Each structure stands twice: as C-alpha cells, then as structure tokens.
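Keep in mind it's a predicted model, so treat the numbers as computed, not measured. Here is the naming used below: chain letters follow the sequence lines, and residue numbers restart at 1 for every chain.
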Amino acid sequence: MSDYHPQDLDRKWQARWAESQAFEVTEDPARPKFYCLEMFAYPSGHAHVGHVRNYIIGDVVARLKRLQGFNVLHPFGWDAFGLPAENAAIKSGIHPETSTLDNIAHMKGQLQRLGISYAWGRELATCLPDYYRWNQWLFTRMFERGLAYRRRSTVNWCPVDHTVLANEQVVDGACWRCGTPVEQQDLEQWFFRITAYADDLLSGADRLTEWPDKVLTMQRNWIGRSEGARVTFALADLPGGIDVFTTRIDTIFGATFVLLGPEHGLVQTFADLADDPQAFREQVSRFRGQDRAGRVSGAVEKEGFFTGQFAVNPFTGERVPIWVANFVLGEYGTGAVMAVPFGDQRDFEFARKYNLPIRVVIRPADGEAPDVDRMTEAHADDGFLVDSGAYTGLSSAEARRRLSNQAEGRGIGEATVQFRLKDWGISRQRYWGTPIPMIHCPQCGVVPVPDDQLPVVLPKVAQFTGRGDSPLASIPEFVNVACPRCGGAARRETDTMDTFVDSSWYFYRFADAHNDRLPFDPKKAAYWCPVDFYSGGVEHAILHLIYSRFFARVFRDLGMVDHSEPFTHLLTQGMVLKDGAVMSKSKGNVVDPDTMVQKVGADALRLYVMFVAPPEKEVEWTDSGLDGSFRWLARVWRLAEQWRTGAAGGGTEASDATRPVDQAALSPDERAIRRKTHDTIRRVTQDIDVRKQLNTAVSAMMELVNDLYLFTDKGTRTPQASLVAREAVESLVLMLSPCAPHTADELGERYGPQGGLAAATWPVYDPEVARAEEVVIPVQVNGKLRGRITAPPDASDAELETLALAEPGVRGHVDGKTVKKVVVAKGRLVSIVAG
RNA sequence: GCCGGGGUGGCGAAACUGGCAGACGCACGGGACUUAAAAUCCCGAGACCCGCAAGGGUCGUGUGGGUUCGAUCCCCACCCCCGGCACCA
C-alpha cells in the first residue's frame with residue numbers, strides 16, 4: 001500500500017496520454033459520435049481558475065462520453081487575433097504574433113497540466129494564415145451572394161482603440177473592451193447581412209430546447225421583431241413625404257404630429273428653409289450629441305422643436321406639424337414616427353410639454369373612452385376605436401388589418417416587420433486581424449481577391465504607433481496591387497475583420513482542421529457536427545452565439561452543412577469569484593491553477609471546481625474547499641489500496657473479479673453495499689450525463705465511499721465481502737475517472753479491471769440489485785410526522801395502511817379519534833387524517 | 001420600466017414527478033489512536049422549549065395569504081438580490 005502522491009500521478013498519466021495520443025479521433029461511421037466543445041480561449045497569457053472551470057466541466061462530459069462508447073471529438077484552439085495584443089505591442093514594441101504565440105504556449109501547458117483530454121492534433125489558432133485564409137474565402141462567398149456589402153454609415157467609433165465597434169460591442173454607450181464613451185463617425189464599412197436571417201434566427205430559437213432560457217430570451221430581445229406598418233405622411237407644402245413605422249396603425253386617427261429623429265434626411269432640407277437655419281442646425285447637432293450621453297446616463301429630458309413644416313395625416317387629411325425630437329432614433333425603423341399622444345407615453349409627455357393636441361381614439365373593451373383633460377398618462381392598451389371615421393367601433397386588431405390593407409391599396413404604406421437587429425459591421429481599422437480580401441480598382445470598383453491568391457497574408461509591421469488609420473494602409477508593398485480583373489494599378493482594402501468573424505465558425509474547422517482545399521470537408525462536418533455539448537461564459541449569449549448561428553445558416557445555404565443550429569446543448573458556466581469579485585489581473589485576485597496543482601494535484605482542483613456548486617452558478621473560491629477535495633481523493637486512494645493489498649481482508653486475486661456475485665449468498669450488509677454501488681452508478685450517470693449537475697454526482701460518490709468505509713470497518717473477511725467491495729471500488733474508480741482522471745487511471749491500473757481504464761467501459765446500473773429489499777415509510781397524522789414503518793417496497797396500500805395504524809407513535813395521535821381518511825403515496829408516505 | 005434567474009443552517013449547497021427539509025462538503029465540537037501533535041478513523045450538530053436522562057414538544061425554506069391529507073416545489077399579492085434589455089415608435 002502506497003501513499004497518495006497526486007503530482008507523480010499527474011506527470012505519469014499526462015505523459016502516457018500524450019504518448020498514446022489517447023484523445024485523437026477519426027470519423028468512424030460504426031460508432032455514435034459526440035462533439036464536446038468549450039469556447040476557445042483568447043490567449044491573454046495566463047489562464048486563471050475562472051477560465052479553467054469551463055474546460056474542466058467540458059472534460060468531465062467528454063471523458064464520460066468516451067467511457068460510454070462514443071467517438072468523442074474534444075478539440076481546443078485559440079481566438080488569437082484581437083486588440084489587447086496589438087495594444088500591448090504599441091506599448092512594449094513586442095510584435096503581436098510573438099506575444100500571442102508565447103501566450104498560447106504557456107496556456108496550453110496550463111491546460112495539459114490539468115489533464116484536459118483534448119485532441120491537440122486539431123489545435124488551431126485564428127491568427128495563423130491556414131486558419132484566417134478561410135475567413136477570407138468565406139468573405140468572398142458572402143460577397144458573391146450579397147451577404148457581405150459595403151456602405152457608408154455612421155458607426156460607433158472608439159477613440160482609444162481607434163476602431164469601429166459593432167452595435168453589440170457598445171455597452172452603455174461605451175466601448176465593451178476599454179469602457180471609453182463611443183463617438184459617431186461616418187465611414188465606408190463592410191457589413192454582413194445578418195438581417196437576411198433575422199426571422200430564421202428567431203424561429204430557430206424555439207427549437208433550441210437544450211439552451212438556457214436566459215440566453216434564448218436575450219437573443220430574442222436582441223433580434224427584436226415587431227410587426228407593424230409603414231405609412232407615408234405626405235408633406236403639406238413640399239413634394240415628397242415622410243415614411244414612418246408604427247405598430248399601432250389602429251391609432252393613426254390620433255396622430256396629431258410627426259417627429260423626426262435628428263439624423264433624418266429631411267432635417268437638412270427643413271433647416272435650409274427655416275427662418276433661422278443657423279439656430280435650427282445648432283439644435284440638431286445638440287440633439288445628436290445628446291443621444292450618446294443619454295444612453296450612458298439612462299435618461300435625457302425629452303425635447304424637440306417645430307420645423308416650420310407640416311405633413312398630412314393620410315387618414316384624417318389634417319395638416320399636422322412636423323417636429324424634430326431628441327428621443328427619436330435615427331437607426332431604428334425609418335428614423336421618423338407618427339406621434340399619437342393618446343396611446344404612447346413619450347408622445348403624451350411631448351404633447352403636454354409643447355401643447356400639442358391629444359385626441360382620444362381608443363376606448364377600453366370594458367368601459368368608456370377617457371376624458372382628454374383628465375388623462376395623466378397615455379393609454380397604450382388595445383381596445384375599440386372611437387372617433388376614427390369609417391373604422392370607429394372596430395377592435396384594435398381588426399383595425400390594424402384593415403388600415404394596413406387600405407394603406408397598401410392606396411400606395412401609401414404596407415404591413416411590415418421591423419427588427420431591432422442590424423447588419424453586422426465588421427470593418428476594423430486595426431492590424432491584428434484577418435485582412436479583408438478585397439481590392440479597390442479605379443476601373444473595376446471593388447474586386448475580390450481570387451481564391452487561388454488566398455490567403456492575403458498579414459504583413460509583418462515593424463512599428464505600432466497607435467495613431468491614425470489602419471496600420472496596413474502605411475505599408476505600400478501591401479496596399480499597391482494589380483487589379484485581378486483588369487491588371488491596372490489598384491489598392492488593397494486595409495481594414496481587417498472583426499475578430500468575432502474568427503470565432504463564428506471555428507467549431508467547423510475542428511471537424512477537419514488541416515484541410516488546405518476548403519474550410520472543412522462537408523462530409524467530415526456531417527459526421528461530427530453539430531456540436532453536442534457546448535459550454536462557455538454567459539457573456540457570449542448574444543455576440544458570439546448569434547453570429548455562430550448566422551454563420552451556420554450561411555454554410556447551410558452554401559451546401560456545406562446540413563443543419564441550421566450549430567450547438568445542440570448549451571451550458572453557460574458561472575464565474576469564479578475571489579473576495580467577492582471576478583478574478584482579474586488588475587484586481588490582483590487571480591487564483592493560479594498551476595499553484596493549486598502543485599499543492600494538491602490536478603484532480604483535487606478538478607474535483608473542487610465540480611463539487612462547489614452547479615456549473616451554471618457563480619462560486620466563491622475557498623482554499624479550504626480545495627483541501628477538502630484533496631483529502632477526499634486521498635480517502636478514496638486509501639480505500640482502494642486497502643482492498644487491493646488485502647489490508648482490509650479478503651485478499652482477492654484479480655481473477656476473482658470475473659466471478660459473478662451470488663446475490664442470494666450475501667449477508668444483509670453485503671447486499672446493502674451492492675445496492676448502494678448500483679444506486680450510485682444510477683445517480684452519477686444521471687447527474688453528469690443528463691442533468692449536468694456535477695456537484696451532486698460528486699456527492700453521490702462521497703456517500704458510497706462513506707458507506708464503504710463503514711463496511712470495511714466491520715471487518716467482514718469473507719470472500720463474498722471482498723467480491724462486493726471489489727465491485728464497489730471498481731465502479732467507483734470508473735465513475736471517478738471523468739472527474740479525477742489521473743487518480744482513477746492509476747487505481748485502475750493497480751486494481752483492475754484488467755487492462756486499466758483505457759479498455760474499460762462506464763459501469764452499468766442494475767435496477768434489480770439497486771432495488772431496496774425493504775423501505776422505511778414515514779407516517780403523518782394530520783400533516784405531522786408521527787412515526788415510521790418498515791415494509792417491502794411492493795407492499796399494497798392496504799398493508800401499508802394497516803402497518804401505519806398499528807405503529808405505536810402513530811397510535812398515540814390517533815387513539816380516541818376518528819380516522820377520517822388515509823392517503824397512501826405508494827412506497828413514499830402514509831398520511832392519516834384524524835379528528 | 002420590461003424580460004429572465006434567484007432568496008433554504010455559521011458557510012457552499014441538496015431535496016429528480018406535490019410526499020421524512022437541510023443529503024454531500026467546509027468550518028466547528030466530542031471520542032479513538034499517539035508520550036504529544038499532525039494525519040487518520042468514528043461520532044455529533046437547524047432554532048427554541050420541557051426533561052437529570054432516555055425521550056418528547058413547538059417553530060422552521062424572504063414576507064403575507066390561498067389550494068391540498070400533505071407545499072422549498074403549484075396559485076395570488078408583496079419585499080429583497082443578481083443578470084440582461086432599456087426612449088425600438
């Protein structure tokens with residue numbers, strides 16, 4: 001019997017796994033596949049415990065599935081482009097490629113020291129040309145299909161990072177990365193037409209039954225579908241009109257004014273016609289500046305001013321004033337709204353403030369129309385139309401249908417669907433990203449780089465100054481190029497792609513990581529994909545996870561994959577806190593996994609992270625909890641070693657393991673241990689495989705170990721006792737192996753089953769053995785627990801009732817009373833009502 | 001404001017379909033072993049009350065109500081915490 005030295009086991013087994021390439025896989029149509037994936041990592045330099053929690057969770061699932069006989073793909077890679085490396089280069093002068101590759105090497109070592117079972121043969125890094133050339137290839141395919149396009153637009157600009165941000169990357173009006181308030185700039189940008197898939201992405205969410213509701217809700221809100229109508233209000237005194245989007249066309253008879261956002265195209269025209277164009281423009285630019293500040297602070301006073309122009313309400317024929325209002329958003333809908341102060345709180349407040357007319361147009365289903373003068377807020381509910389011409393008396397829903405049809409018939413509008421989701425701006429004025437494979441030719445316009453000239457390799461740049469435009473623009477050898485179409489002098493695009501492009505399809509690349517003809521072979525993707533189990537941080541609920549769903553649809557429409565949803569089961573793991581805060585280098589509260597591994601071994605760290613709480617939950621790091629996990633593993637070790645060496649008695653030979661256990665010959669204690677063993681197999685399998693509750697799986701194993709210690713203490717020395725203990729310990733070792741693989745592999749090798757765990761399969765639960773011989777059933781009298789009875793598990797209701805009424809503790813509360821009712825919950829409880 | 005998730009011992013948590021609340025662990029206390037300590041093994045432990053004791057009783061899952069033989073679980077109202085969205089017409 002030897003002591004538990006986890007560090008030695010870590011070294012031994014990690015070397016052996018690497019040597020045997022234990023986790024490399026190829027397609028095998030004869031076996032069911034399982035694709036287990038954790039979100040790949042940004043190579044920041046050092047992984048802390050918060051990061052590795054995710055990899056541990058995924059590894060437990062991967063290892064379980066492998067033992068269950070699945071052909072498991074469990075790869076890892078690096079989200080290696082991005083701003084921090086470039087910003088660091090500006091400060092330190094170290095090239096991003098150097099620092100990134102160094103960081104990758106270090107973090108890979110950290111993961112290997114945790115014994116995560118990755119197929120390292122498929123490792124990828126997005127900053128390498130053999131990966132990002134496929135970004136370029138895909139960009140070209142999207143360009144050909146009109147899914148990638150260029151337009152001038154007002155974009156979110158981060159003045160610190162010197163780059164454009166997607167709407168999703170603007171948080172509270174500030175850059176998601178550095179927190180600087182975002183500015184607006186007009187630039188020519190590349191966009192991906194994700195809005196073409198808005199409905200598909202929304203309806204697909206209904207079928208993601210194994211995703212957390214939280215994530216689906218966030219995605220649905222983000223897509224923000226709303227049904228309504230577009231209606232044109234003609235200008236009263238000028239040619240043309242104003243298109244508005246409304247979800248409440250049923251209230252159009254109450255539209256007493258029109259509001260333009262400060263970004264609206266007509267605002268300039270109206271300014272030119274105004275009495276004081278200068279003052280007009282100053283107001284507008286003040287509003288445009290306010291918009292940003294308002295988002296940061298959350299509330300800006302609603303204000304506006306009259307443009308001097310009027311429009312015509314297409315249904316009432318009235319002249320209605322046109323105002324500019326600071327709360328109307330330029331980028332949503334048409335950038336203009338019809339104002340119905342009766343039904344919209346914002347319009348109501350605006351009308352009261354500027355004395356604009358309010359007209360009552362809806363009465364509630366069960367009451368009278370309100371009195372305008374006594375209204376203190378807008379009435380937003382549906383009801384029945386009043387004072388609405390030919391539509392008076394209709395329900396809101398019916399009126400919406402008829403009014404939309406009428407508008408369409410008259411050519412002044414139509415029913416439409418509006419999305420909050422906008423096209424994805426992907427141009428970045430940075431160096432450390434995928435070059436956009438386009439060439440600007442004065443003769444031919446925008447021309448894609450032909451496939452046979454891909455990749456457009458990112459040139460080495462000597463200097464990072466952090467100023468000006470795209471760093472690539474300052475490299476003449478990169479910029480100046482012959483047009484692929486006419487051969488004339490042309491310029492390369494010098495922007496790079498948003499790094500979220502890289503992460504939107506890397507999971508397909510893992511299916512065929514070394515393909516040099518295509519991003520991946522569709523046949524290989526058809527075998528491995530979609531990902532069966534995907535885990536990562538909830539912070540990617542909208543960005544990464546919606547873009548990936550978009551790309552899956554693009555690949556689907558290119559005929560390269562046969563599904564729409566890339567991730568079948570999603571688990572969003574909670575963060576690990578230290579001293580109540582998220583771990584971060586700047587706060588100085590990071591827990592370094594290497595330090596912990598040196599102290600207690602990889603398995604104790606893995607086990608602690610699993611046991612401390614359910615995976616989705618945030619947890620607070622405690623050193624004492626880690627020590628507890630180490631102590632428990634040592635306890636398991638001693639238990640197994642005792643039975644192996646015969647110290648506990650029995651002294652079974654390995655060959656005894658194959659001898660079947662004769663259930664009838666066992667003592668009650670022995671039968672109890674067998675029952676516990678099989679019940680534990682059931683619980684652990686259910687908890688890891690189905691419920692993904694790793695903490696209760698560990699609890700179940702701890703219970704088994706506690707029982708085995710008591711059993712061992714009783715000192716039974718019969719051959720049957722050894723067989724039963726052997727079965728229990730072997731099962732335990734197998735169940736432990738996803739969580740604590742080094743310890744389990746070592747025990748497996750020492751103890752059996754034959755050939756160690758590499759040849760083993762996940763233990764199977766035998767319901768017959770696990771079945772209790774007798775059950776203890778609580779008895780309630782008038783809802784209070786008054787006694788317990790012992791009965792066979794299949795006892796009839798009548799038998800249970802008789803036993804219950806005979807139980808002394810129960811009699812004390814029933815005697816002298818009338819038993820009015822007895823409820824028997826079979827095998828669970830007897831409830832007596834007496835009075 | 002809207003949407004989602006929560007609130008259970010000193011602490012992390014469990015309770016799977018409405019059926020013994022607090023499994024498992026941390027911290028703590030007691031015992032065994034030891035010259036001693038550590039380690040290990042065993043035992044104890046929701047709160048309050050009665051009892052010398054064995055034991056018994058009452059209360060208890062954020063608050064108040066409801067449904068039910070029975071509620072941490074279902075329903076209604078409310079309080080608090082966390083996360084997301086937030087002038088989206």
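Within the 4.0 angstrom heavy-atom criterion, no nucleotide atom of any strand lies near R230(A). Residue R220(A) is classed as having no contact, given no heavy-atom separation below 4.0 Å to the nucleic acid. The residue T622(A) sits apart from the nucleic acid: no heavy atom pair falls under 4.0 Å. Among the protein residues, V328(A) comes within range of the nucleic acid bases, having at least one heavy atom under 4.0 Å from a base atom. G628(A) comes within contact range of the sugar-phosphate backbone alone, with a heavy-atom separation under 4.0 Å but no base atom that close. Within the 4.0 angstrom heavy-atom criterion, only backbone atoms of the sugar-phosphate kind lie near N695(A); the bases stay farther away. Within the nucleic acid shown, F419(A) has no heavy atom closer than 4.0 Å to any nucleic acid atom. Contact annotation for V823(A): base contact, defined as any heavy-atom pair under 4.0 Å involving a base atom.
Contact annotation: R420(A) does not reach the phosphate of rA89(B) (side-chain N/O to OP1 or OP2, under 4.0 Å). When the side-chain nitrogen and oxygen atoms of S831(A) are compared with OP1 and OP2 of rG19(B), none of them lie within a distance under 4.0 Å. Distances shorter than 4.0 Å separate some side-chain N or O of K617(A) from OP1 or OP2 on rA13(B). N706(A) has a side-chain polar atom (N or O) that falls below the 4.0 Å cut-off from OP1 or OP2 of rG25(B). In terms of phosphate contacts, K821(A) brings a side-chain nitrogen or oxygen within less than 4.0 Å of OP1 or OP2 of rC69(B).
Separating the CH2 atom of W621(A) from the C1' atom of rC11(B) is a distance of 16 Å, rounded to the nearest angstrom. Atom CZ in R346(A) sits about 4 Å away from atom P in rC88(B), given to the nearest Å. The distance between atom CE of M218(A) and atom P of rG4(B), rounded to the nearest whole Å, is 14 Å. Straight-line distance from the CG atom of L577(A) to the P atom of rG83(B): 11 Å, rounded to whole Å. Atoms CG (D381(A)) and P (rC2(B)) sit 13 Å apart, rounded to a whole Å. The separation between E616(A) atom CD and rA13(B) atom C1' is 13 Å, rounded to whole Å. In this structure, the CD1 atom of I789(A) is 14 Å from the P atom of rC20(B), given to the nearest Å. Nucleotide rC20(B) holds its P atom 16 Å from the CD1 atom of I832(A), rounded to whole Å.
Nearest to the side-chain atoms of N221(A) among the listed nucleotides rA27(B), rC20(B), rC3(B) stands rC3(B). Considering only side-chain atoms of L710(A), the nucleotide from rC42(B), rC20(B), rG4(B) that sits closest is rC42(B). Distances from the side chain of T217(A) to the nucleotides rC3(B), rG19(B), rA89(B) place rC3(B) closest. When distances run from any side-chain atom of F611(A) to the nucleotides rG25(B), rG4(B), rG57(B), the shortest one goes to rG25(B). Checking rA13(B), rC88(B), rA15(B) against the side-chain heavy atoms of T696(A) singles out rA15(B) as nearest. Nearest to the side chain of Q693(A), among rC42(B), rA14(B), rC87(B), sits rA14(B). Minimum atom distance to the side chain of P614(A) is reached by rA13(B), of the listed rA13(B), rA89(B), rC42(B).
The gap from the P atom of rG6(B) to that of rG18(B) amounts to 15 Å, rounded to the nearest Å. Going from the P atom of rA27(B) to that of rC41(B) covers 14 Å, rounded to whole Å. Here, rA39(B) and rG30(B) have their P atoms 14 Å apart, quoted to the whole Å. Across rG46(B) and rC11(B), the matching P atoms stand 14 Å from one another, rounded to whole Å. Look at the C1' atom in both rA45(B) and rG22(B): the space between them is 12 Å, to the nearest Å. The gap from the C1' atom of rA21(B) to that of rC59(B) amounts to 13 Å, rounded to the nearest Å. For the C1' atoms, the distance linking rC2(B) with rG57(B) amounts to 49 Å, nearest Å. Going from the C1' atom of rG60(B) to that of rU8(B) covers 10 Å, rounded to whole Å.
Judged by atom type and distance alone, K302(A) reaches the base of rC87(B) through a side-chain donor-acceptor pair under 3.5 Å. The base of rC20(B) does not come close enough to the side chain of R828(A) for any donor and acceptor atom to sit less than 3.5 Å apart. Judged by atom type and distance alone, S624(A) does not reach the base of rC26(B) through any side-chain donor-acceptor pair under 3.5 Å.
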Checking side chain to side chain contact (heavy atoms under 4.5 Å, CB included) for the pair V215(A)/L570(A): CA distance, chi angles, key distance, verdict?
-> CA-CA 9 Å; V215(A) 173; L570(A) 177 70; 4.0 Å; yes

Does the pair V324(A) and Q283(A) meet the rule for a side chain to side chain contact (heavy atoms under 4.5 Å, CB included), with working shown?
-> CA-CA 9 Å; V324(A) 175; Q283(A) 285 273 51; over 6 Å; no

In dot-bracket, 5' to 3', how would RNA chain B read with Watson-Crick or G-U wobble pairs under 3.5 Å, [ ] for crossing ones and | for pairs to another strand?
-> (((((((..(((......[....))).(((((.......))))).(((((....)))))..(((((..]....))))))))))))....

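In this structure, a donor-acceptor pair under 3.5 Å is present between the side chains of S396(A) and D250(A).
Salt-bridge annotation for E641(A) and R644(A): present, with a side-chain N of the basic residue lying under 4.0 Å from a carboxylate O of the acidic one.
Of the possible donor and acceptor atoms, one in the side chain of T334(A) sits under 3.5 Å from a partner among the backbone N and O of D243(A). Distance alone, capped at 3.5 Å, places no donor-acceptor pair between the N695(A) side chain and the P615(A) backbone.
Judged by the 6.0 Å and 45° rule, K302(A) forms no cation-pi pair with F350(A). With a 6.0 Å cutoff to the six-membered ring centre and a 45° limit on the axis angle, R359(A) does not count as a cation-pi contact of F342(A).
Here the shortest heavy-atom pairing between F233(A) and A255(A) reads CZ-CB, 4.2 Å.
Contact of the L805(A) side chain with the E801(A) side chain is registered, since non-hydrogen atoms from C-beta on lie closer than 4.5 Å.
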